[in-house]
Each structure stands twice: as C-alpha cells, then as structure tokens.
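In what follows, chains carry the letters A, B, and so on, assigned in the order in which the sequence lines appear, proteins first and then strands, with residues in each chain numbered from 1. Quick note: numbers below take in every heavy atom, side chains included, and nothing from hydrogens, waters or symmetry partners.
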Protein chains: 2
Amino acid sequence: MPSDHPHPAGRCAVCAVRDSALCATFAEPELAALRAIGRRRTLPAGQIVVSAGDPASFCANLVSGVLKVVREEHDGRTQIVGLLFPGDLVGEPFVEEARDTLVALTEIDLCLYPRQPLETLLTHHPAATHLLLRRALATLAEARKWMLMLGRRQAPEKIAAFLLDMERRLEPAAGGGYHLPMGRAAMGEVLGLTIETVSRQLSAMKRAGMIALPSRRHILLLDRPKLAQIAG
Amino acid sequence: MPSDHPHPAGRCAVCAVRDSALCATFAEPELAALRAIGRRRTLPAGQIVVSAGDPASFCANLVSGVLKVVREEHDGRTQIVGLLFPGDLVGEPFVEEARDTLVALTEIDLCLYPRQPLETLLTHHPAATHLLLRRALATLAEARKWMLMLGRRQAPEKIAAFLLDMERRLEPAAGGGYHLPMGRAAMGEVLGLTIETVSRQLSAMKRAGMIALPSRRHILLLDRPKLAQIAG
DNA sequence: CGCTCGATTGACTACCTTCAATGAAAGTGG
DNA sequence: CCACTTTCATTGAAGGTAGTCAATCGAGCG
C-alpha cells in the first residue's frame with residue numbers, strides 16, 4: 001500500500017467534497033477533531049480497499065474516483081451491489097466486519113478515519129449520526145430501486161437505465177458524453193448480465209444510432225428520449 | 001380503516017415485541033412519552049398500509065403479522081423489496097414521502113406513532129437514532145444479499161433459499177413445517193419469477209421428495225441438506 | 001351444487017447464457 | 001519503434017432456462 005500522510009491543517013477548507021461529505025455536518029471545533037484523526041491516501045485503480053470478512057478498522061470519505069461494492073457467491077459468481085462516488089462514505093461505522101468487498105474502479109483519493117475514534121466522535125454528535133441515518137436510508141432506497149431492475153427488467157432496459165444513470169453521476173468528458181469508470185465485465189456485474197449480453201446490447205444501440213462509442217469506455221448518448229423510453 | 005384505540009398504560013410491559021422493537025431502547029421516563037403518542041391498530045390481510053407517493057404521516061412497530069414492501073414499475077411490473085416481521089419498524093422516520101407500498105400479507109397488529117412527535121422524541125435520544133442507524137444498515141445488508149440472489153441465481157436456487165429463509169423467520173406450524181404468509185404470486189414477486197415458474201419449481205421439489213405441501217401455504221422441509229445445497 | 005380464485009400443468013416461444021472464435025487495443029521487451 | 005503478448009471487447013452459433021399463453025384442476029364459499 002502507498003504510504004499515507006497526515007491531514008494537512010486547513011486542507012478541509014479546500015476539499016472537493018467538503019460540503020457533501022460527512023464532514024459537512026461538523027462546524028469548526030469538531031472539525032478540528034475530525035481533521036486530527038483523518039489521513040489522506042491515494043490508491044490506484046484495481047486496488048482492493050477492503051475484502052469481505054475483514055475486520056473493518058476504518059471508514060473513509062471518498063474524495064475522488066469511483067469504488068465498486070461487490071458481493072460474492074461461494075462459487076465465484078459476483079454481483080455489484082453498490083457504486084461509490086465522491087462525497088460518499090466508504091465503509092460502515094458501527095459494523096465490526098466488512099460484509100462486502102470494496103474495489104477501486106479508478107484511481108481514488110480517500111480521507112481515512114480509524115473506526116473507533118470516528119465512532120466516539122459520532123456518538124457525541126447526534127447531528128452526524130442523524131446524517132448517517134439519512135444516508136443509509138437513501139442508500140437503501142437506491143438498493144431497492146436496483147432490486148426492481150435486477151428482478152424485473154430485461155437486458156435492453158437495464159442497459160439504457162444504466163447509461164442514463166451514469167450520465168447523471170459522472171462528470172461530462174471533453175467532447176461530450178462521459179467516461180465510464182469500468183469495463184464491460186463490471187457493467188455486467190452491476191446489471192446481472194453476462195459480458196456478452198452487455199456488449200451485444202451496446203452494439204445494437206450503437207447500430208440504432210442511440211449511442212456512440214468513440215472508445216471502449218467513452219459513451220455518447222445521442223438519443224436520450226429513446227433511451228429513456230427503453231429504460232421505462 | 002378500522003378505528004384505533006389509545007395505547008393502554010402499562011401495555012408495553014406485556015408487548016410481544018417489547019424487547020426487540022424500537023421501544024427497547026427507551027427506559028421508563030421516555031417510554032412513557034412514547035406510550036403517550038402510540039396507538040394500537042389491527043388491520044386485515046390484504047390491507048394497503050401505505051401507498052408509494054403518500055405523505056408519510058406515521059411510523060409503526062409491527063407487533064404481529066407480516067407485511068410486504070413493494071416497489072412498482074410504471075407499467076405494472078412489481079417487485080417485493082422487503083418483508084417485515086414482528087419487531088420490525090414500519091415506515092421510515094425522517095422521510096417525507098413513502099417510496100414503497102406496504103401491504104399486510106396477514107392480519108397485522110401495529111403500534112402506530114405519528115411521525116412528527118416520534119422524530120422529536122428520537123432527536124432528543126441519540127441512542128434511538130443509533131439503533132435506527134444499525135437497523136437501516138442491517139436492512140441494507142439484507143437488501144444487498146437479495147440483490148445477489150435476484151441478479152445471479154437461477155430459479156431452483158431462489159426457491160430453495162427462500163424456503164429455508166422463511167423457515168428461519170416464521171414460527172413453526174402445528175404438525176411441523178410452517179405456514180407461508182403469502183401465495184405463489186407474492187413468492188414470485190419476492191424472487192423475481194413468474195407464478196408459473198414458482199409453481200413448477202415447488203412441484204419438482206415435491207416430486208424429488210425434498211419438500212411436502214400438505215396445503216397451499218403449508219410447507220414442510222423434508223431434505224434440508226439437499227435444499228441448502230441447491231440454495232448454494 | 002356451482003362459482004370463483006388460486007395453483008398446477010402443458011406447449012411453445014423468447015431471451016439470455018454458454019461456448020468458441022475473431023478482433024482490437026494496451027502493455028512489454030527486444 | 002515495432003513485434004509480441006495479454007487483456008478486453010465483439011460477434012456468431014447453439015442450447016437452456018424461464019416467460020407467455022392457455023387449459024385444467026382443486027379448494028373454499030356462497
């Protein structure tokens with residue numbers, strides 16, 4: 001693992017996720033305490049951040065990059081059950097053992113907090129616990145939306161919904177469209193499809209003029225209304 | 001709706017879910033406040049408790065019975081995204097609008113709390129918020145397990161896992177086995193399958209001697225190891 | 001007794017997966 | 001800088017699983 005470095009004083013003020021992350025609930029006195037236990041760290045794409053079953057020794061704010069939350073079957077089948085974007089909380093406070101594997105899809109910047117001190121801090125600040133509750137409920141709502149998709153939609157609907165969803169969540173790329181933070185395999189893991197089905201559906205949409213694929217991971221949405229209609 | 005009645009003083013002490021529900025976090029002074037705003041109500045099977053989109057005016061503890069949490073597609077396709085059992089919290093505090101439809105699968109007993117007073121109470125009792133957070137995280141973990149099932153497993157695995165899961169959560173019926181709180185259609189909604197597929201899989205398992213179906217909803221598990229093996 | 005609703009079973013179809021080969025892009029070493 | 005290797009994506013063909021449509025069955029109820 002790359003070495004980490006202490007959180008530079010004042011750095012929070014210029015942090016990219018200062019207003020959306022957990023730290024937004026803290027004002028100056030508590031923020032100093034938070035800063036004192038925080039460590040910034042950069043991890044390369046592909047790096048496993050936590051493995052399912054590991055003792056969860058820390059939580060973190062995701063400052064930049066994208067993480068996948070993966071759940072595995074004993075026989076090796078995997079399903080991505082969540083994606084984490086900048087501002088999202090990485091790891092679950094008050095949970096002793098990691099239930100899912102977290103993998104960096106891109107290079108990521110984390111703001112790490114050892115779990116014990118963080119929990120102590122949270123316990124004394126109801127507003128923070130309250131925010132965590134709201135977040136957890138929002139994540140649950142999203143997971144349930146996802147369940148509907150996995151259980152009931154067919155491949156074209158899944159792909160169209162996914163492409164539109166990613167556009168909302170990712171920054172636009174130079175030249176329009178956006179840059180997917182994952183390959184076809186991970187798309188399949190998200191949607192409960194095989195890599196071949198994903199590829200075929202994308203090709204079909206390209207052929208139909210609904211999207212363009214300038215490069216493997218660069219997506220251009222050409223016919224948003226049509227995509228929205230397919231997505232349902 | 002059937003009329004409700006005020007919460008009889010002292011009733012909490014003999015409540016079936018007194019130790020597992022939200023009220024377990026409250027000691028006597030706060031419990032009195034909770035009791036003051038609580039109302040008991042009984043609803044018949046099939047009753048819609050909340051419709052998606054409704055303003056969420058209350059939360060409740062489920063005292064007895066089973067509820068389904070349903071999410072709907074615009075075109076009518078539905079997916080059950082959660083089941084609620086005695087002791088579970090019904091509705092989400094701090095959420096203004098219901099995201100899902102809640103339907104009683106059996107006759108249910110609720111202990112209703114108007115949302116506003118409940119939230120006020122919660123805000124002043126960090127321990128309760130903390131419990132809610134833990135619950136929400138547990139529910140999220142369960143939803144994710146469910147996602148893995150919906151996305152990756154095939155019909156026999158889904159059915160076997162479901163039958164074993166229900167056995168864990170329901171009380172044993174007289175004469176062994178248990179009584180399913182739902183019909184084939186709802187099983188399909190839980191597992192992302194059609195009613196016909198559910199029926200066929202159950203018939204196949206019956207033919208294989210793994211289960212017995214003395215009546216429509218009465219399930220007997222005859223070969224648990226085999227079922228567990230199929231469930232994966 | 002007949003009606004209604006839910007469950008079962010069958011026949012057929014469609015969709016997605018699996019297996020396999022080809023193609024393209026990125027990384028490595030000469 | 002180019003050949004080689006590796007990885008990822010695409011495409012094709014075949015097969016299987018679950019969905020759809022439709023008929024039958026059976027239990028519960030008026």
Compile the donor-acceptor pairs under 3.5 Å between side chains in residues 50-63 of chain A and protein atoms, sequence neighbours left out, one pair per line.
from, atom 1, to, atom 2, distance (Å)
A:Asp54, OD2, A:Ser51, N, 3.3

>> Output one letter per nucleotide in nucleotides 25-30 of chain D: B when a protein non-hydrogen atom lies under 4.0 Å from the base, S when only the sugar-phosphate is that close, - when neither is.
In response: -B----
>> Each nucleotide in nucleotides 9-16 of chain C should get exactly one letter: B, S or -. Can you fill that in based on protein heavy atoms under 4.0 Å?
In response: BBB----S
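One can place CG of B:Leu202 at 14 Å from C1' of C:dG6, the figure rounded to the nearest angstrom. Atom CG in B:Leu150 sits roughly 16 Å away from atom C1' in D:dT17 (whole-Å rounding). A straight line from CZ of B:Arg77 to C1' of D:dG19 spans 12 Å, rounded to a whole angstrom. Going from atom CZ of A:Arg217 over to atom P of D:dA9 covers 7 Å, rounded to whole Å. Atom P of nucleotide C:dA7 and atom CD of B:Glu189 are separated by 12 Å, given to the nearest angstrom. The interatomic distance linking B:Gln79 (CD) with D:dG19 (P) rounds to 11 Å, in whole Å. To the nearest angstrom, P of D:dC8 lies 13 Å from CG of A:Leu105. Between A:Met205 atom CE and D:dT10 atom C1' there is a gap of 16 Å when expressed in whole angstrom units.
At least one side-chain heavy atom of B:Met187 sits less than 4.5 Å from a side-chain heavy atom of B:Leu202. Between B:Met182 and B:Leu83 the shortest side-chain heavy-atom distance falls below 4.5 Å. Proximity of B:Gln79 to B:Val70: side-chain heavy atoms (C-beta onward) are nowhere separated by under 4.5 Å. Residues A:Tyr178 and A:Glu171 are not in side-chain contact: their nearest non-hydrogen atoms beyond the backbone lie 4.5 Å or more apart. Between B:Thr101 and B:Thr78, every side-chain heavy-atom pair lies at or beyond the 4.5 Å cut-off. Looking only at side-chain heavy atoms (C-beta outward), A:Phe162 and A:Leu180 come within less than 4.5 Å of each other.
Applying the salt bridge (Lys or Arg N to Asp or Glu O under 4.0 Å) test to every pair with at least one member in residues 186-198 of chain A, sequence neighbours left out, gives these pairs: A:Lys68-A:Glu189. Residue pairs that meet the salt bridge (Lys or Arg N to Asp or Glu O under 4.0 Å) test with at least one member in residues 139-157 of chain A, sequence neighbours left out, are A:Glu142-A:Arg169, A:Arg144-B:Asp100, A:Arg153-B:Glu73, A:Glu157-B:Arg77.
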>> With side-chain contact (heavy atoms from CB on, under 4.5 Å) as the criterion, how do B:Glu167 and B:Ile219 come out once you've worked through the C-alpha distance, each side chain's angles and the decisive distance to 0.1 Å?
In response: CA-CA 9 Å; B:Glu167 182 181 47; B:Ile219 308 278; over 6 Å; no
> Going through the checks in order, is the side-chain contact (heavy atoms from CB on, under 4.5 Å) test met by A:Leu193 and A:Ile159?
Replying inline: CA-CA 10 Å; A:Leu193 297 171; A:Ile159 298 283; 4.3 Å; yes
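Rounded to 10°, the angle separating the first-five-pair axis and the last-five-pair axis of the helix from C:dC1-D:dG30 to C:dG30-D:dC1 equals 30°.
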